[in-house]
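Structure first, then comments.
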Amino acid sequence: MDLARLREHYSETGFSESEAADDPMTQFEEWFGAWLATAPYDASACVVATTDNDGWPSARAVLLKGFDERGFVFHTNRRSAKGSDLELSGRAALCFLWHPVERQVRVVGSAEHLPDHESDAYFASRPRGSQIAACASPQSQPLADRGELERLVAQTEARYEGATVPRPQHWGGYLVRPHLVEFWQGRRSRLHDRLRFSRDDSTAAGWRLERLAP
């Protein structure tokens, strides 16, 4: 099925409570698998939103590097702007927009460090150039010019010539444990389907499912 036909199919059939999974991570796995099957460019791209100490919001795109029953994982420099925000608030919002099939998933949750052994394993799997960049770049900090960055990279390459590049202590994964996950399915006349899972320990599944007005 091509994208146009798939989009039309989703628009016609929608997304109902009866077909929703018992928990949002299972539902996300189903929708994400369907998205991957369309072979999109940068399939794991999502927007991460944070707030700083003064309450100002920031949003930027990152790549989702994993998800499981705990939540969603991405990696970054913890001294970067988003890292500083996450260290301060311990909260994040994620947004996955899959426009070609008119689907969107929003996540709000708590953010914590991924266990070190998981961050180490991912860092070791990265291309050496990306490892060098993670060590060399003072992410989000002002630079005099491009040359300053290139000098930092050259110095880092020289430092680790012939050796394994270790994961910097200030670089690693974040695990976003969801408190709220909303699944949005586009429908005709803007009468979209919006189903929201919210944490509710009083239920057997630990989640409450509600339909929101479009």
Side-chain angles (χ1 to χ4, degrees), residues 25 28-29 32 35-36 39-98 105-178:
M25 298 312 299
F28 182 84
E29 182 177 18
F32 190 64
W35 173 237
L36 288 177
Y41 177 74
D42 269 355
S44 61
C46 66
V47 171
V48 174
T50 59
T51 54
D52 66 15
N53 193 39
D54 295 320
W56 288 104
S58 295
R60 74 290 283 166
V62 303
L63 296 180
L64 180 72
K65 289 302 180 181
F67 64 91
D68 55 29
E69 68 281 355
R70 299 171 301 173
F72 303 86
V73 171
F74 65 91
H75 294 77
T76 190
N77 185 320
R78 292 173 179 157
R79 296 175 182 168
S80 66
K82 62 180 171 295
S84 296
D85 289 351
L86 292 169
E87 295 298 302
L88 176 71
S89 71
R91 297 176 179 178
L94 310 178
C95 183
F96 300 84
L97 177 60
W98 304 324
V105 181
R106 293 196 313 111
V107 178
V108 177
S110 59
E112 62 190 56
H113 288 187
L114 195 68
D116 283 347
H117 72 275
E118 295 185 45
S119 290
D120 289 340
Y122 173 68
F123 188 82
S125 75
R126 302 184 90 201
R128 186 176 178 85
S130 296
Q131 295 175 337
I132 292 291
C135 293
S137 174
Q139 190 174 338
S140 300
Q141 300 304 309
L143 294 170
D145 50 30
R146 176 76 185 189
E148 182 181 357
L149 178 62
E150 292 174 349
R151 286 190 292 276
L152 289 171
V153 170
Q155 291 167 6
T156 304
E157 288 176 332
R159 184 183 312 132
Y160 294 114
E161 184 177 2
T164 299
V165 181
R167 176 178 68 89
Q169 288 302 302
H170 60 268
W171 191 99
Y174 283 98
L175 170 65
V176 178
R177 295 185 184 270

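Scope of the values below: all heavy atoms of this structure, side chains included, with no hydrogens, waters or symmetry mates. For this chain, numbers begin at 1 and follow the sequence in order.
Shown here for Y160 and C135, the closest heavy-atom pair between the two residues is CE1-SG, 4.5 Å. Here the closest heavy-atom approach between residue L175 and residue V73 is recorded as CD1-CG2, 3.9 Å. Closest approach of E148 to A144, counting heavy atoms only: OE1-N, 2.6 Å. For the residue pair G71 and P178, the shortest heavy atom distance occurs at CA-CD, 3.8 Å. Between L36 and P40, the shortest heavy-atom contact is O-CD, 3.8 Å. Residues A134 and R126 approach most closely at CB-NH1, 3.8 Å, considering heavy atoms.
The environment of E29 atom CD is sparse: at most 12 non-hydrogen atoms of other residues, nucleotides or ligands sit within 6.0 angstrom. Counted within 6.0 Å of CZ on R79, heavy atoms from surrounding residues, nucleotides or ligands total 12 or fewer; the atom is thus considered open.
Interatomic distance, S130 OG to H75 NE2, rounded to the nearest 0.5 Å: 12.5 Å. Rounded to the nearest 0.5 Å, atoms CH2 (W171) and OH (Y122) are 5.5 Å apart.
Not one N or O on the side chain of D54 forms a donor-acceptor pair closer than 3.5 Å with the backbone of W56. Not a single donor-acceptor pair under 3.5 Å links the side chain of S44 to the backbone N or O of L63. Counting only distance, with no hydrogens or angles, the side chain of E69 and the backbone of M25 share no donor-acceptor pair below 3.5 Å.
Side-chain atoms of F96 and L64, non-hydrogen and from C-beta on, do get closer than 4.5 Å to each other. Under the 4.5 Å side-chain criterion, counting only non-hydrogen atoms from C-beta, P168 is in contact with F123. Looking at C46 and V107, their side chains never come closer than 4.5 Å, going by heavy atoms from C-beta outward.
Here the options are R177, R70, R78, the test is salt bridge (charged side-chain N to carboxylate O under 4.0 Å, His left out), and the partner is E112; only R177 passes.
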Take L97 and V47 through the test side-chain contact (heavy atoms from CB on, under 4.5 Å) and record every step on the way to the result. CA-CA 8 Å; L97 177 60; V47 171; over 6 Å; no
Going through the checks in order, is the side-chain contact (heavy atoms from CB on, under 4.5 Å) test met by D116 and R167? CA-CA 10 Å; D116 283 347; R167 176 178 68 89; 3.5 Å; yes
What do the steps show when you test N77 against S137 for side-chain contact (heavy atoms from CB on, under 4.5 Å), and what is the final call? CA-CA 9 Å; N77 185 320; S137 174; 5.9 Å; no
Residue pair V105, F32: steps toward the side-chain contact (heavy atoms from CB on, under 4.5 Å) verdict: CA-CA 10 Å; V105 181; F32 190 64; over 6 Å; no
May I have the list of side-chain donor-acceptor pairs in residues 82-89 shorter than 3.5 Å, sequence neighbours left out?
from, atom 1, to, atom 2, distance (Å)
K82, NZ, T76, OG1, 3.0
S84, OG, S80, O, 3.0
D85, OD2, T50, OG1, 2.7
E87, OE1, H113, NE2, 3.4
E87, OE2, H113, NE2, 2.6
E87, OE2, Y174, OH, 2.6
S89, OG, D85, O, 3.1
S89, OG, R91, N, 3.1
S89, OG, R91, O, 3.4

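Here the two rings, on F72 and F28, have centers that are under 6.0 Å apart.
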